[in-house]
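Shown next, in structure tokens, is the structure this report addresses.
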Amino acid sequence: MSYNQPPPPGGPGAPPPPPGGGYGAPPPGGGMPAAQWDLGAAVNYAWTKFQANMTQFILAALALFAGIAITAIVGFVFIGLVTDFGTPFVVSLILNAIVFGAIMIVAQVIGSGLIRGALGVTEGRPFAAADALKFDNIGPVLITSLMVGGATIVGTILCYLPGIIIGFFTSYSLYFVIDKRLAPVEAIKASIDLVKNNIGNALIWYLVGGLIGGAGAILCGVGLIFTLPIALIGTAYTYKVLTGQQVAA
């Protein structure tokens, strides 16, 4: 299944368009037609939209990091209490994988608000931190996060690399849940198909977006409140373009 082509144009004998115009419906306030993905355009779009909504994105990012920090502290304190220098490597690996998975799940659940806001920006809506914390459609978001987190835990236990690969192919799962209201399994399949059918561009953004998002960690992690929203907006832009949708200018 492919998401990188818009629906066929209407004409004699063509099927009627889907309700709401499908992918071809213009976003509020006008927008750019669906086009080939370009790294420079993705980075520029993310930076421009972040500047226009900076205060609200920072507030939402602070809420996200508070949730992650609490989960990480509790998880690693627990590991410290139940392990010592004599603990087998495999046991330590499993415990660390579980904590990593828990952090990932919390990050995805809370981060779904930021993702929702980033998608809204690509549709021409201003971002509001309060809207990002409403947790709309939380059931499918939570289930999807648990499924992706669980698979990542298993992959991480298998010497980390499989976990990275799983994270790459499922990186658009929540975007499909939030944007298209797909069920968890369908959203994960859609993400895998989208990455597989656009492997080059998806890999470039996964690496560059990860570098942008992680660059804030250089300043003791404080910079992440700036760089993570930029990475999420860029991912939303990439998702929209790769699925053949228009993006608000």
Side-chain angles (χ1 to χ4, degrees), residues 60-116 132-133 135 137-178 182-192 195 202-203 206-207 209-218 220-225 227-229 231-232 235:
L62 287 172
L64 169 64
F65 291 129
I68 293 175
I70 293 171
T71 304
I73 291 171
V74 172
F76 289 117
V77 167
F78 173 75
I79 290 177
L81 292 174
V82 301
T83 61
D84 53 35
F85 289 110
T87 301
F89 173 74
V90 174
V91 174
S92 296
L93 182 65
I94 292 174
L95 289 174
N96 278 279
I98 291 173
V99 171
F100 174 76
I103 292 171
M104 182 178 176
I105 291 169
V106 170
Q108 286 190 312
V109 171
I110 300 178
S112 66
L114 277 166
I115 292 174
R116 185 177 297 104
L133 299 176
F135 305 126
N137 203 28
I138 189 61
V141 167
L142 179 59
I143 294 172
T144 303
S145 299
L146 288 171
M147 293 177 68
V148 171
T152 304
I153 289 174
V154 173
T156 303
I157 292 174
L158 299 175
C159 297
Y160 294 103
L161 181 59
I164 295 174
I165 295 173
I166 291 170
F168 171 49
F169 277 92
T170 60
S171 57
Y172 295 96
S173 299
L174 287 180
Y175 288 81
F176 278 104
V177 170
I178 294 169
L182 294 186
V185 173
E186 293 303 314
I188 293 171
K189 289 180 179 178
S191 178
I192 293 172
V195 172
L203 180 59
Y206 189 72
L207 295 174
L211 289 173
I212 292 173
I218 296 175
C220 299
V222 176
L224 287 171
I225 64 175
T227 58
L228 181 61
L232 290 178
T235 304

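Only a predicted model underlies this, so the values are computations on that prediction, with no experimental measurement involved.
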Any idea which heavy atoms bring Ser173 and Ala187 closest together, and the distance? O-CB, 3.5 Å
Taken in chain and number order and not counting sequence neighbours, the residues that satisfy side-chain contact (heavy atoms from CB on, under 4.5 Å) with Thr71 are Ala102, Ile103, Val106
For Leu64 and Gly111 the tightest heavy-atom approach is CD1-N, 3.7 Å
Side chains of Ile115 and Tyr172: closer than 4.5 Å at any heavy-atom pair? no
Ignoring hydrogens, what is the shortest heavy-atom contact between Gly216 and Thr227? Give both atom names and the distance. N-OG1, 3.4 Å
So, taking the atom named CD1 in Ile212 and the one named CG in Leu232, what distance separates them when rounded to the nearest 0.5 Å? 11.0 Å
Taken in chain and number order and not counting sequence neighbours, the residues that satisfy side-chain contact (heavy atoms from CB on, under 4.5 Å) with Ser92 are Thr87, Asn96
When rounded to the nearest 0.5 Å, the distance separating CZ of Phe76 from CG of Leu81 is 13.5 Å
For the student: nearest non-hydrogen atoms of Leu224 and Gly213, plus distance: CD2-O, 2.6 Å
Checking side-chain contact (heavy atoms from CB on, under 4.5 Å) against Val177, which of Pro140, Ser145, Ser191 comes through? Pro140
So, for Pro229 and Ala61, which heavy atoms are closest and what is the spacing to 0.1 Å? CG-CB, 4.2 Å
So, do Phe176 and Thr144 sit near enough that their side-chain heavy atoms are less than 4.5 Å apart? no
Please examine the side chains of Met147 and Thr170, heavy atoms only from C-beta on, and report whether any two atoms are closer than 4.5 Å. no
If you count the non-hydrogen atoms of other residues, nucleotides and ligands that lie under 6.0 Å from CZ in Phe169, is the total more than 12? yes
Step through the shown structure and confirm whether more than 12 heavy atoms of other residues, nucleotides or ligands are within 6.0 Å of CZ on Phe78. no
Within this structure, what is the CD1-OG distance for the pair Ile138 and Ser112, rounded to the nearest 0.5 Å? 5.0 Å
Which is it for Val195 and Tyr206 under the side chain to side chain contact (heavy atoms under 4.5 Å, CB included) test, yes or no, and what are the steps along the way? CA-CA 10 Å; Val195 172; Tyr206 189 72; over 6 Å; no
Kindly indicate whether the side chain of Val148, heavy atoms from C-beta on, has any atom under 4.5 Å from the side chain of Leu174. no
Who passes side-chain contact (heavy atoms from CB on, under 4.5 Å) against Leu203, sequence neighbours left out? Phe168, Leu207
